[in-house]
Amino acid sequence: MRADDLSITTDQETAVVTISHAGAELYKQTLYANPDGSIRLSDLAEIYKPTLRKKLVDTFTVSIDDGATIYSKDILLLYSLGAGPANFDVLTETYFLSPMLGVKKIAANHKEWLHLYITEETSVNATISSLVDGAVVSTPFHITDLSPDGHIATVDVSPELLEYQGELLSYEITAGARSQWYSISPKMDADIAAPALLWTNSFGCQESLYCYGTHEIAPKLERSSATVRNMTRNYNTQETRNFKANTGPMTAEQALWLDDFFRSTEVYILVNGLPGPEILLTESENKRTNAYSAIFSANFEYTYSTRKQNIFSTAIAGRIFDNTFDKTFA
C-alpha cells in the first residue's frame, strides 16, 4: 500500500478516519463525504514519517468508522523519501536499500555497507574476481546468513573482509535476488580521501562516500576586540571552518547515486571506518551533460555542525601531494 493517499467510499454522510501505531493515535478526524460518497486523503506520508524514521519498516493501523460499518487494516510501510516501485515486495526482495543501481568504483580499503529488508532466511554471498599469475580467477565467498526479525539488516561488505588470492579486481554481492557490483580502482586509497563521509540515504540507511578531487579549507574568523588602559586585545574569536570538496571522477551510475547524497540531512566525517564529527552541507553543484567526452565530478561545500569549530583530527596524516596526484611515481 502506498502511504501517500487513502480513498474511501461510503453511503454515509461522514466517516471517522483513525491512523494509529502500537495503540497510539497519530491521526483522527471526522471527514465529510463528497456527493458521490468518496473521501480522499493525500500526503499521509507526513503522518507516518516521524514514527517510521525510527525503525524504517513498521506496521500502522488504519481504521474507518462511518457509523454503519467499522473497517480496520494493518499496513506495513517502508521508510523512503524517494519514489520507487509501488509494490513493497518488489522493492524489498529485488533491491538493496540504496539508490546505487550500477557498479560502484571503490578502493580496496574502503568501508562499504549494504542494507536490506528480509522476510525469509537469506544468505549473503560474494563472487570475487582477482588477478592471479596473469589470469582472472573467480572465487565464491560466504559472508553471512540473515534471519527475518522485522528490522532492516545491515551487512558489512568491505573488501578487507573478503578472502581471495592475488590482486582484487571486482566483486558482486548477492542476497536472494538482490545484487550489487563493486569495481576496485588502483587510483583510489581511503587514506588520502578528502573527505571520507558517512551519510544517510533516502531509505534512512547509511552509506559511505570517498572523495578524491581537490579539497580546500577556508576558515572564517570573526574577532571581537576592546581597548582597555590603552591596550587593544581580542577577547573573543568566532570561527566557522568552511570546506570545499570535489568528488573526483564518477561513473554515470554513481552520478545518479550522488544526487541522493546531496539530499541527505545527516552526514558525518568517516574516521577509521566510524562516524566522526557531523557536518552540514551548505552548497552543492552536481550539474552534468550527456556530452560524449564529459567526465562527471561534483563540487560541494560543508562546515562542522557543532558550534565549536576547533576540531582536531589525526585520522589522516599529512602528505606532500594533493588528491589530484595520480601516483605515477608512487
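Predicted model, so just to flag it, every value in this text is computed and none were measured.
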Quick check against the 3.5 Å criterion: does [X] have a side-chain atom that pairs as donor or acceptor with the backbone of [Y]?
{"X": "D66", "Y": "Q12", "value": "no"}
{"X": "H110", "Y": "A108", "value": "no"}
{"X": "R53", "Y": "P50", "value": "no"}
{"X": "E207", "Y": "E112", "value": "no"}
{"X": "T282", "Y": "E301", "value": "yes"}
{"X": "S264", "Y": "T200", "value": "yes"}
{"X": "S38", "Y": "N34", "value": "no"}
{"X": "S208", "Y": "K111", "value": "yes"}
{"X": "T122", "Y": "E120", "value": "yes"}
{"X": "T247", "Y": "A298", "value": "yes"}

Between [X] and [Y], do the side chains contain an N or O donor and an N or O acceptor separated by less than 3.5 Å?
{"X": "D260", "Y": "S202", "result": "yes"}
{"X": "H21", "Y": "T51", "result": "no"}
{"X": "E266", "Y": "Y268", "result": "yes"}
{"X": "S7", "Y": "R40", "result": "yes"}
{"X": "E167", "Y": "S130", "result": "no"}
{"X": "S123", "Y": "N125", "result": "yes"}
{"X": "H215", "Y": "N246", "result": "no"}
{"X": "T18", "Y": "S63", "result": "no"}

Rounded at 0.5 Å granularity, tell me how far [atom1] in [X] sits from [atom2] in [Y].
{"X": "D89", "Y": "T94", "atom1": "CG", "atom2": "OG1", "answer": "9.0 Å"}
{"X": "L97", "Y": "C205", "atom1": "CG", "atom2": "SG", "answer": "5.0 Å"}
{"X": "I47", "Y": "L52", "atom1": "CD1", "atom2": "CG", "answer": "13.0 Å"}

Could you tell me whether the side chain of [Y] reaches within less than 4.5 Å of the side chain of [X], counting heavy atoms only?
{"X": "P219", "Y": "N242", "answer": "no"}
{"X": "K104", "Y": "S183", "answer": "no"}
{"X": "L209", "Y": "W257", "answer": "yes"}
{"X": "T61", "Y": "I19", "answer": "no"}
{"X": "L146", "Y": "L116", "answer": "yes"}
{"X": "T127", "Y": "F141", "answer": "no"}
{"X": "L169", "Y": "L131", "answer": "yes"}
{"X": "I75", "Y": "Y48", "answer": "yes"}

Where [X] and [Y] come nearest, the two heavy atoms and their spacing:
{"X": "P275", "Y": "L270", "value": "N-CD1, 4.3 Å"}
{"X": "N201", "Y": "S98", "value": "ND2-CA, 3.8 Å"}
{"X": "N109", "Y": "A190", "value": "OD1-N, 3.0 Å"}
{"X": "L44", "Y": "D5", "value": "CD1-C, 4.3 Å"}
{"X": "I173", "Y": "F96", "value": "O-CE1, 4.1 Å"}
{"X": "S225", "Y": "N234", "value": "CB-OD1, 3.4 Å"}

With a cut-off of 6.0 Å (strictly less than), are more than 12 heavy atoms of other residues, nucleotides or ligands near [atom1] of [X]?
{"X": "N230", "atom1": "CG", "value": "no"}
{"X": "E278", "atom1": "CD", "value": "yes"}
{"X": "D133", "atom1": "CG", "value": "no"}
{"X": "K105", "atom1": "NZ", "value": "no"}

side-chain contact (heavy atoms from CB on, under 4.5 Å) partner of P195, the single match among F243, Y210, Y302:
Y302
Tell me, with the steps shown, if N286 and S284 meet side-chain hydrogen bond (donor to acceptor under 3.5 Å, both in side chains).
CA-CA 6 Å; N286 58 327; S284 63; 4.8 Å; no
Within 45° cone of Y304 ring axis and under 6.0 Å: R241 NZ or CZ:
no
Under 6.0 Å between ring centres, would you say that holds for [X] and [Y]?
{"X": "F203", "Y": "Y79", "answer": "no"}
{"X": "W199", "Y": "W113", "answer": "no"}
{"X": "F300", "Y": "F261", "answer": "yes"}

